[in-house]
Amino acid sequence: MQNLPLAYLAAAVLACLFCSAFFAGTETAIMSLNRYRLRHLARAGHRAAILAERLLKRPDRLIGLMRLGDTLADLVASSLVTLIALRLSHQDWVAGAAMFGLALVILVFSEVGPKTLAVLYPEKLAFPAVFIYLPLLKLTAPLLWVINFMANGMLRLAGVRLDDVPLRSMSSEELRGVVMEAGALIPKRHQRMLLSILDLEKITVEDIMVPRSEINGIDLSHDWDEVLMQLRSSQHTRLPVYEGDIENILGFVHARQVLHIIAQENADKQGLRENLAEPYFVPEGTSLQRQLLNFQKSQQRIGLVVDEYGDIQGLVTLEDILEEIVGEFTSDPATQQKDVYKESEESFLVNGSANVRALNRSMHLKLPTDGPKTLNGLILEFLETIPQPGTSFKLAGYSLDVVQTTGNAVKTVRLHLPGGAAPDAAPKRTRKTKS
C-alpha cells in the first residue's frame with residue numbers, strides 16, 4: 001500500500017465515494033418506492049418490480065447489505081485519505097484537515113445529494129439497483145446472517161419481533177388523500193365518484209330516505225276504482241301497498257304486475273294482493289355501503305326504513321344509493337318538482353322538507369349534517385321552538401328568513417347566500433318523492 005502511486009490511491013478514494021453514494025441513494029430509493037404501484041407493476045410482469053418486491057419481503061437482509069456496503073466504503077475511504085495525507089505531509093494537522101474535508105465530501109456527494117435524487121426519482125434508481133443487490137445478497141449471505149442474527153436478537157430483547165409486524169395497509173382517509181391529490185391523473189368527475197364511494201360507509205339510509213310523509217303508495221282501504229286510477233297514473237316502477245296506514249304494509253307491486261292486473265276484466269283487490277312482493281325492511285342506522293351489499297345479496301331494489309321499535313320511518317331505493325355515487329341520473333317525471341326556487345343571485349326559496357345533505361351537494365353549502373336530516377328539523381333544533389313567519393336568523397353562517405309555517409313545522413325558508421356565491425347552475429330538486 002505504501003508503494004502504490006498517489007493517483008491509484010486517489011482513484012480508490014473516488015471509487016469508495018461512488019460506492020457510498022450508490023448504497024445511500026439506492027437505500028432511500030428502494031425504501032421510497034410506492035408499494036401499491038410496485039405491486040401493480042409486479043403483477044403486470046415488470047421484471048425489476050418483481051425483484052424489488054422480492055427484496056422488500058426481507059427488509060432486514062436488504063438493509064443489512066446496504067449498511068454494510070456503505071459503512072465499508074466510508075471506512076476504506078477514510079483510511080485511504082489518511083494514508084494520502086501522511087504521504088504528502090507528516091504533520092498531524094494535515095491528516096485532521098483531510099478527514100474533515102472527506103467528511104464534508106461524504107455528507108454532500110455521498111449522502112445528501114444521492115438521497116435527495118432518490119426521493120425525487122425512486123424508480124429510476126431503485127429498479128436498476130435491484131439487479132446488483134440480488135447477487136450481492138448471495139455473496140454476502142453468511143456475513144449478513146450473522147449481522148441480522150445479532151440485530152434481530154437485540155430487537156427481541158426490546159420486545160420486537162419481525163413476524164409480529166402487521167402488513168401496512170392504506171386507510172380510507174389515506175386513500176381519500178391519494179384520490180384528492182391525483183390531479184390531472186383522474187378526471188374531476190371520477191374523483192367525486194371515488195370520494196362518494198368512500199363516503200358510503202359514513203352515510204346511513206336515514207340520510208337519503210324518502211320520509212314517511214312523502215311516500216306514495218296504494219291504500220287498499222279505498223274504493224277499487226280509486227285504486228285503479230292511482231295504478232294507471234303512477235309514474236313509479238314499484239309502489240308500496242298497504243291497508244289503512246303505511247304501518248300495515250302488505251308488500252310492493254311492480255309496474256309489470258300493474259299492467260297485468262289492469263288488463264284483466266275481473267280485476268279486484270284480491271288479484272292485486274296475490275301479485276304483491278314481500279316487503280323488505282331496512283334498519284335506520286344501516287350504512288349505505290352495507291345496504292348496497294344487502295340489496296345485491298337479497299336481490300332487492302327497494303326497502304322500508306324502520307326504527308328500533310319497528311315503526312316505518314321512510315323508504316330507500318337502490319337508485320338513491322347509486323345517485324349518492326354518480327349524482328342525479330333519473331328521468332323520473334317526479335323530479336320536475338323542486339325543493340329550491342331561485343329568486344336572485346343571492347336568494348333562494350327552500351322547502352322545509354328539503355334534505356340537508358342534498359342541499360349541501362346541489363348548492364355547495366356547508367350546513368351541518370350530523371343532526372336532523374331535513375332543513376325544517378335543523379331549524380327547529382337550532383331555534384328550539386317553531387318560529388313565526390318573518391323570523392330571521394343565522395345558521396352555520398347563512399342568513400335564513402322563515403317565509404311560511406304550518407302548525408308544527410317550517411314549510412318555506414328564504415336562504416341568502418353570502419357574497420352572492422350562487423351555485424354553478426340552477427339547483428335540481430334535492431329529493432325525489434318517489435317510492
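Side chains included, hydrogens not; waters and symmetry mates left out as well; all remaining heavy atoms used.
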Flag, side chain of [X] to backbone of [Y], donor-acceptor distance under 3.5 Å:
| X | Y | value |
| --- | --- | --- |
| Thr317 | Asp320 | yes |
| Lys269 | Leu220 | yes |
| Asn351 | Ser353 | no |
| Asn355 | Asp207 | yes |
| Asp307 | Tyr309 | yes |
| Thr286 | Pro283 | yes |

Which atom of [X] lies closest to which atom of [Y], heavy atoms considered:
| X | Y | result |
| --- | --- | --- |
| Glu201 | Gln289 | CB-OE1, 3.5 Å |
| Phe127 | Val130 | O-CG2, 2.9 Å |
| Glu343 | Arg414 | OE1-NE, 2.8 Å |

Tyr133 and Leu51, any side-chain heavy atoms less than 4.5 Å apart: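 In short, these two side chains do not touch, never coming nearer than 4.5 Å.
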
Any Gln291 side-chain heavy atom under 4.5 Å of Asn294 side chain: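 In short, these two side chains touch, coming nearer than 4.5 Å.
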
Leu137/Arg58 under side chain to side chain contact (heavy atoms under 4.5 Å, CB included): CA gap, chis, key distance, verdict: CA-CA 11 Å; Leu137 278 173; Arg58 288 294 306 273; over 6 Å; no

Derivation of the side chain to side chain contact (heavy atoms under 4.5 Å, CB included) call for Leu304 and Phe252: CA-CA 10 Å; Leu304 293 167; Phe252 288 93; 3.8 Å; yes

Basic-acidic side-chain contact under 4.0 Å: Arg212, Glu247: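 Looking at Glu247 together with Arg212, the answer is yes, because their closest N to O distance falls below 4.0 Å.
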
SB check Glu243 Arg273 (cutoff 4.0 Å):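 A salt bridge links Glu243 with Arg273.
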
Within 6.0 Å of NE2 in His222, more than 12 heavy atoms from elsewhere: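 Enclosed: over 12 neighbouring heavy atoms sit under 6.0 Å from NE2 of His222.
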
Test item: side-chain donor near acceptor, Asn376 and Thr374, under 3.5 Å: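 Absent: no donor and acceptor within the cut-off.
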
Do any side-chain atoms of residues 62-76 form donor-acceptor pairs under 3.5 angstrom with protein atoms, and if so which ones, sequence neighbours left out?
{"residue": "Arg67", "atom": "NE", "partner": "Glu27", "partner atom": "OE1", "Å": "3.4"}
{"residue": "Arg67", "atom": "NH1", "partner": "Asp70", "partner atom": "OD2", "Å": "3.3"}
{"residue": "Arg67", "atom": "NH2", "partner": "Glu27", "partner atom": "OE1", "Å": "2.9"}
{"residue": "Arg67", "atom": "NH2", "partner": "Asp70", "partner atom": "OD2", "Å": "2.8"}
{"residue": "Asp70", "atom": "OD1", "partner": "Ser20", "partner atom": "OG", "Å": "2.8"}
{"residue": "Thr71", "atom": "OG1", "partner": "Arg67", "partner atom": "O", "Å": "2.7"}
{"residue": "Asp74", "atom": "OD1", "partner": "Ser20", "partner atom": "OG", "Å": "2.9"}

Qualifying residues under side-chain contact (heavy atoms from CB on, under 4.5 Å), relative to Ser298, sequence neighbours excluded: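 Ser298: side-chain contact (heavy atoms from CB on, under 4.5 Å) contacts with Tyr280, Gln300.
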
Worked verdict on Leu231 versus Val227 for side chain to side chain contact (heavy atoms under 4.5 Å, CB included): CA-CA 6 Å; Leu231 288 173; Val227 171; 4.1 Å; yes

Just distance, no hydrogens or angles: give the donor-acceptor pairs under 3.5 Å from side chains in residues 106-115, sequence neighbours left out.
{"residue": "Ser110", "atom": "OG", "partner": "Leu17", "partner atom": "O", "Å": "3.1"}
{"residue": "Lys115", "atom": "NZ", "partner": "Thr28", "partner atom": "OG1", "Å": "3.3"}

